[in-house]
Amino acid sequence: MRKMRTQSAPWRAAAVLASVLLVGGVAACGNSDTGGGGTKDDGKITMGFSQVGAESGWRTANTISIKEAATAAGIELKFDDAQQKQENQIKAIRNYIQQKVDVIAFSPVVESGWDTVLKEAKDAKIPVILTDRSVDSADKTLYKTFLGSDFVKEGKLAGEWLVEQKKTASGPVNIVELQGSTGAAPANDRKKGFAEAIAANPNLKVIASQTGDFTRAGGKQVMEQFLKANPKIDVLFAHNDDMGLGALEAITAAGKVPGKDITIITIDAVKDGMQALADGKFNFIAECSPLLGPQLMDLAKKVKAGEEVPARIETEETTFTTAQAKEALPNRKY
């Protein structure tokens, strides 16, 4: 028995030493994970995201892209649907500040009125990323970057195509315009770009312009009003596919053939819009990609790490005619 005790003593000492080293090692790893400041013990980034709403097929695809990309990137996403109300977004952003998330991202319902809440986020040292839509703040330090499209360019592409199509028109070409939500960046900018482009042909006249709130129901309702008030409509320019799709119903109900009796130009290129273009009911679409999720998550990691990022990052987009829509549809992701 004495011999066994003599042999077990070193073993016990080694076991105790190993236990101490193991605990010390675990503690050291834990300290290194939190040493970066701001990230949680597990190193995961938490993002608070406030979405405009679910007003269109584009917006739905955008939400899916963001949620899937967050999961793939290992980012914890706190998601809020603002239901197209600015006050809901401001409340959500303040909640994210209180929760001390690592990054805040949002797609602003309208352009103005954000300085106060963005200043609160800045004071809390929480970086903000604007997605899809911008704000008109004079203080560019209130957010890190903007990720999205050039809406003015989209409007110009739509207008330039129409100018080319109607270059031989000898008389007035009457255009009606379905605008996006009042005060929203894409509505303001697409209207501006389109107007600048069609100014090249004095025969092209916008005879009526009204908001349809980016929805199919709104597009249908406003188009019905346009058709009653204006016997001769040659062209419809809709700020997104969904309003154009709603307008199709009103045009058909009025006994006119969409795409023939009335030339239809839209923006977005979601699958339903592309199908209408392939079927000849739409005539031209300028693309606005909703698949911003992967880029957004990459930006979130960079700004959280303190890396410099460009003040504006634009997505690559294109345009579609009927033939091009037929070719692209089988592989369309949204």
More than 12 heavy atoms of other residues, nucleotides or ligands under 6.0 Å from [atom1] of [X]: yes or no?
X: Glu307; atom1: CD; answer: yes
X: Lys167; atom1: NZ; answer: no
X: Glu87; atom1: CD; answer: yes
X: Lys260; atom1: NZ; answer: no
X: Gln324; atom1: CD; answer: yes
X: Glu327; atom1: CD; answer: no

Would you indicate whether the side-chain heavy atoms of [Y] and [X] approach each other to under 4.5 Å?
X: Asp268; Y: Glu287; value: no
X: Lys301; Y: Ile45; value: yes
X: Glu111; Y: Asn188; value: yes
X: Thr131; Y: Thr145; value: no
X: Met47; Y: Leu296; value: yes
X: Leu291; Y: Lys333; value: yes
X: Trp58; Y: Asp241; value: no
X: Ile104; Y: Ile129; value: no

Legend entry - Pi-cation contact, Phe49 with Lys78 (under 6.0 Å, within 45°): no
Decide whether [X] and [Y] meet the rule of one side-chain donor and one side-chain acceptor closer than 3.5 Å.
X: Gln179; Y: Thr211; result: no
X: Tyr334; Y: Arg332; result: yes
X: Thr71; Y: Glu68; result: no
X: His239; Y: Glu177; result: yes
X: Glu317; Y: Ser149; result: yes
X: Gln99; Y: Asn95; result: no
X: Asp80; Y: Gln51; result: no
X: Ser137; Y: Asp115; result: yes
X: Asp136; Y: Ser112; result: no

Inset, instruction - Verify side-chain contact (heavy atoms from CB on, under 4.5 Å) between Arg216 and Asn240, making sure each step is shown before the conclusion. - result: CA-CA 9 Å; Arg216 292 195 192 194; Asn240 77 339; over 6 Å; no
Looking only at heavy atoms, what is the nearest atom pair of [X] and [Y], with distance?
X: Leu277; Y: Thr321; value: CD2-O, 3.5 Å
X: Val135; Y: Trp114; value: CG1-CD1, 3.3 Å
X: Ser134; Y: Pro108; value: O-CG, 3.9 Å
X: Phe282; Y: Gly273; value: CD2-O, 3.6 Å
X: Lys256; Y: Pro231; value: NZ-O, 4.1 Å
X: Leu248; Y: Lys281; value: CD2-O, 3.9 Å

Measure from the side-chain N and O atoms of [X] to the backbone N and O of [Y], and report whether any donor-acceptor pair falls under 3.5 Å.
X: Asn230; Y: Ile233; value: no
X: Arg190; Y: Val152; value: no
X: Thr319; Y: Ala286; value: no
X: Gln89; Y: Val109; value: yes
X: Gln295; Y: Gly148; value: no
X: Thr266; Y: Ile285; value: no
X: Asn201; Y: Asn203; value: yes

Taking the basic N atoms (NZ, or NE/NH1/NH2) and the acidic carboxylate oxygens, is any pair closer than 4.0 Å for [X] and [Y]?
X: Lys232; Y: Asp234; result: yes
X: Glu314; Y: Arg312; result: yes
X: Asp123; Y: Lys119; result: yes
X: Glu55; Y: Arg59; result: yes
X: Asp102; Y: Lys44; result: no

Linking I/L/V/M/F/W/Y whenever any side-chain heavy atoms sit under 4.5 Å apart, do [X] and [Y] land together?
X: Phe79; Y: Ile75; result: yes
X: Leu77; Y: Leu292; result: yes
X: Phe151; Y: Val52; result: no
X: Phe214; Y: Val110; result: no
X: Val117; Y: Leu142; result: yes

If I take atom [atom1] from residue [X] and atom [atom2] from residue [Y], how far apart are they, to the nearest 0.5 angstrom?
X: Leu178; Y: Met243; atom1: CG; atom2: CE; result: 5.5 Å
X: Leu245; Y: Ser56; atom1: CG; atom2: OG; result: 10.5 Å
X: Phe146; Y: Leu299; atom1: CZ; atom2: CG; result: 11.5 Å
X: Asp81; Y: Thr63; atom1: CG; atom2: OG1; result: 7.0 Å

Inset, instruction - Take Val103 and Val303 through the test side-chain contact (heavy atoms from CB on, under 4.5 Å) and record every step on the way to the result. - result: CA-CA 8 Å; Val103 180; Val303 298; 4.2 Å; yes
Inset, instruction - Would you check, one step at a time, whether the test side-chain hydrogen bond (donor to acceptor under 3.5 Å, both in side chains) holds for Asp213 with Thr215? - result: CA-CA 5 Å; Asp213 278 328; Thr215 67; over 6 Å; no
Inset, instruction - Given side-chain contact (heavy atoms from CB on, under 4.5 Å), test Val128 with Lys144 step by step and report yes or no. - result: CA-CA 6 Å; Val128 173; Lys144 289 294 183 181; over 6 Å; no
Inset, instruction - Give me the other members of the hydrophobic cluster that Ile265 sits in, counting Ile, Leu, Val, Met, Phe, Trp and Tyr linked by side-chain heavy atoms under 4.5 Å, directly or via other members. - result: Trp161, Leu162, Val163, Val173, Ile175, Phe194, Ile198, Leu204, Val206, Val235, Phe237, Ile267, Phe284
Inset, instruction - Test side-chain contact (heavy atoms from CB on, under 4.5 Å) on Met223 and Leu236 and set out the steps. - result: CA-CA 9 Å; Met223 193 65 200; Leu236 163 65; 4.1 Å; yes
Inset, instruction - Using the salt bridge (charged side-chain N to carboxylate O under 4.0 Å, His left out) rule, pick out the option among Lys191, Lys153, Lys156 that qualifies with Glu196. - result: Lys156
